[in-house]
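One structure below.
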Amino acid sequence: ATTLGAAAAGSNRYFGTAVASGRLGDSTYSTILDREFNMITPENEMKWDTVEPSRGSFNFGPGDSIVNHANAHGQRMRGHTLVWHNQLPGWVSSIGDANTLRSVMNNHITQEMSHYKGKIYAWDVVNEAFADNGTGQHRSSVFQNVLGNGFIEEAFRTARGVDPAAKLCYNDYSIEDWSSAKTQGVYNMVKDFKARGVPIDCVGFQSHFGSGGAPASFRTTLSNFAALGVDVQLTELDIAQASSGAYANAVQACLDTARCTGVTVWGIRDSDSWRTGENALLFDNNGNKKAAYTSVLNALNGS
Ligand code: G3I
């Protein structure tokens with residue numbers, strides 16, 4: 001196959017990208033998007049600060065523009081993200097009463113998932129809830145501090161009730177190395193959820209890598225999570241300096257894992273990336289394919 005999406009489809013996987021609604025009118029951008037990618041994650045448009053900037057007042061316009069684009073071009077959608085400590089409006093982070101916050105969180109999940117019901121392949125229900133401090137515990141956030149450890153389970157149970165057809169994912173960064181405490185913390189949570197019947201279908205490994213690419217244990221991590229009975233996905237892949245070997249290796253880790261259903265890169269051109277000046281994506285600032293593009297295409301084609 002001659003495009004990333006078609007090549008991934010050859011093994012029943014998808015190849016996606018983050019999309020910024022404000023760039024859809026850029027024809028260089030949208031031409032590459034519609035040629036190469038068959039899964040879309042909104043880069044910012046489905047986050048709490050955009051969707052519910054004040055309590056009970058919902059703004060789906062920016063997200064809708066991306067969903068409409070995807071529908072018109074045969075692309076599927078990942079929903080990103082329902083419960084996250086970042087890009088969270090001040091009116092939420094200042095809630096101190098547990099009953100209020102529980103109802104606000106569940107209402108946010110219910111309203112957003114209902115609006116997009118039937119249009120989302122997988123939701124990042126909870127994003128980045130684990131700490132980077134080597135303890136394997138949850139990070140401090142209003143949800144953790146006011147609701148306690150159970151907030152993640154509560155979010156997943158609520159989400160399942162709203163759109164039972166959507167896959168429900170936990171998504172995080174720096175959980176690719178099997179030996180890290182953060183990875184172990186997330187693994188133990190998923191294991192516990194599966195053992196107790198808490199609804200979870202998938203784990204997203206963001207995969208924001210330095211120039212060396214994925215850690216050597218990445219395949220082990222993916223296969224160990226998959227063995228718990230969840231799908232796994234690379235959800236926000238980008239690699240500093242985008243060496244072709246590092247990109248091919250990261251994508252191959254997915255291809256080597258039966259339950260790895262797809263790969264999403266976090267933007268199209270280097271100039272679209274949140275990692276300014278790091279040349280971390282598959283297309284240069286002018287939309288030309290980089291060497292890493294070819295190495296990824298070849299990996300997806302099994303050649
Ligand atoms: O929309 C405002 C605009 O009105 C304002 O004038 C401008 C001035 O700074 O800011 C604009 O908002 C920015 C927004 O992106 C939209 O461009 C924010 O400042 C900026 O912080 C925000 O960055 C996003 C970042 O998440 C915020 O946490 C990046 O685009 C986005 O790529 C990044 O994505 C995250 C994933 O969601 C989760 N995993 C990590 C990943 C990278 O940080």
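What you see below is based on every heavy atom in this structure, not just the backbone, and it leaves out hydrogens, waters and symmetry mates. Counting convention: from 1, in listed order, for ligands and their atoms alike. Because the structure is predicted, anything quoted here is derived from the model rather than measured.
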Requested in this report: Say whether Gln206 and Asp172, considering side chains only, have a donor N or O and an acceptor N or O under 3.5 Å apart.
Outcome: no
Query raised in the report: Using a distance-only test with no angle check, is there a side-chain donor-acceptor pair under 3.5 angstrom linking Asp64 and Asn68?
Result: no
Query raised in the report: Can a protein heavy atom be found under 4.0 Å away from atom 16 (C) of ligand 1?
Result: yes
Query raised in the report: Is at least one protein non-hydrogen atom found at under 4.0 angstrom from atom 1 (O) of ligand 1?
Result: no
Query raised in the report: Has the side chain of Asn38 got a donor or acceptor atom that lies under 3.5 Å from a matching backbone atom of Phe15?
Result: yes
Query raised in the report: Should Ile120 and Phe37 be counted in the same cluster of Ile, Leu, Val, Met, Phe, Trp and Tyr side chains packed under 4.5 Å apart?
Result: yes
Report task. Check whether NZ of the Lys or CZ of the Arg Lys182 lies under 6.0 Å from the centre of the six-membered ring of Tyr173 and within 45 degrees of that ring's axis. Result -> yes
Report summary line: Heavy-atom nearest pair, Leu101 first then Val142, reads CD2-O, 3.5 Å
Report task. May I ask whether Asn171 places a heavy atom under 4.0 Å from ligand 1? Result -> no
**Report entry** Flag: protein heavy atom within less than 4.0 Å of atom 12 (O) of ligand 1
**Finding:** no
Query raised in the report: Under 4.0 Å from atom 20 (C) of ligand 1, is there any protein heavy atom?
Result: no
Query raised in the report: Hey, is atom 25 (C) of ligand 1 under 4.0 Å from any protein heavy atom?
Result: yes
Requested in this report: For atom 6 (O) of ligand 1, decide whether some protein heavy-atom distance is shorter than 4.0 Å.
Outcome: no
Query raised in the report: Going by the order shown, which atoms of ligand 1 are within less than 4.0 Å of some heavy atom of His208?
Result: 40 (C), 41 (C)
Query raised in the report: Does atom NZ of Lys191 have more than 12 heavy-atom neighbours from other groups under 6.0 Å away?
Result: no
**Report entry** Atoms in ligand 1 with a heavy atom of His80 nearer than 4.0 Å
**Finding:** 36 (C), 37 (O), 38 (C)
Report task. Search all heavy atoms of Ser54 against all heavy atoms of Trp91 and return the closest pair with its distance. Result -> CA-NE1, 3.4 Å
**Report entry** Residue selection (non-hydrogen contact nearest atom 33 (C) of ligand 1) among Lys47, Arg275, Glu236
**Finding:** Lys47
Query raised in the report: Any idea which atoms of ligand 1 are less than 4.0 Å away from a heavy-atom of Asn127?
Result: 38 (C)
Requested in this report: Output yes when the distance from some N or O of ligand 1 to some N or O of Asn44 is under 3.5 Å, and no in every other case.
Outcome: yes
Query raised in the report: Which protein non-hydrogen atom lies closest to atom 31 (C) of ligand 1, naming both residue and atom, and how far is it?
Result: Glu43 OE2, 3.4 Å
Query raised in the report: Is the NZ or CZ atom of Arg269 both under 6.0 Å from the centre of the six-membered ring of Phe283 and within 45° of that ring's axis?
Result: no
Query raised in the report: Identify the closest protein heavy atom to atom 34 (O) of ligand 1: which residue and atom is it, and at what distance?
Result: Trp266 NE1, 3.2 Å
**Report entry** Under 3.5 Å side-chain donor-acceptor pair for Asn44 and Gln87
**Finding:** yes
Query raised in the report: Are there protein heavy-atom neighbours of atom 42 (C) of ligand 1 below 4.0 Å?
Result: yes
**Report entry** atom 9 (O) of ligand 1 touched by protein heavy atom at under 4.0 Å
**Finding:** no
Query raised in the report: Just going by heavy-atom distances, which of Glu45, Glu128, Met46, Gln87 is nearest to atom 38 (C) of ligand 1?
Result: Glu128
Report task. Measure from the side-chain N and O atoms of Thr17 to the backbone N and O of Gly267, and report whether any donor-acceptor pair falls under 3.5 Å. Result -> yes
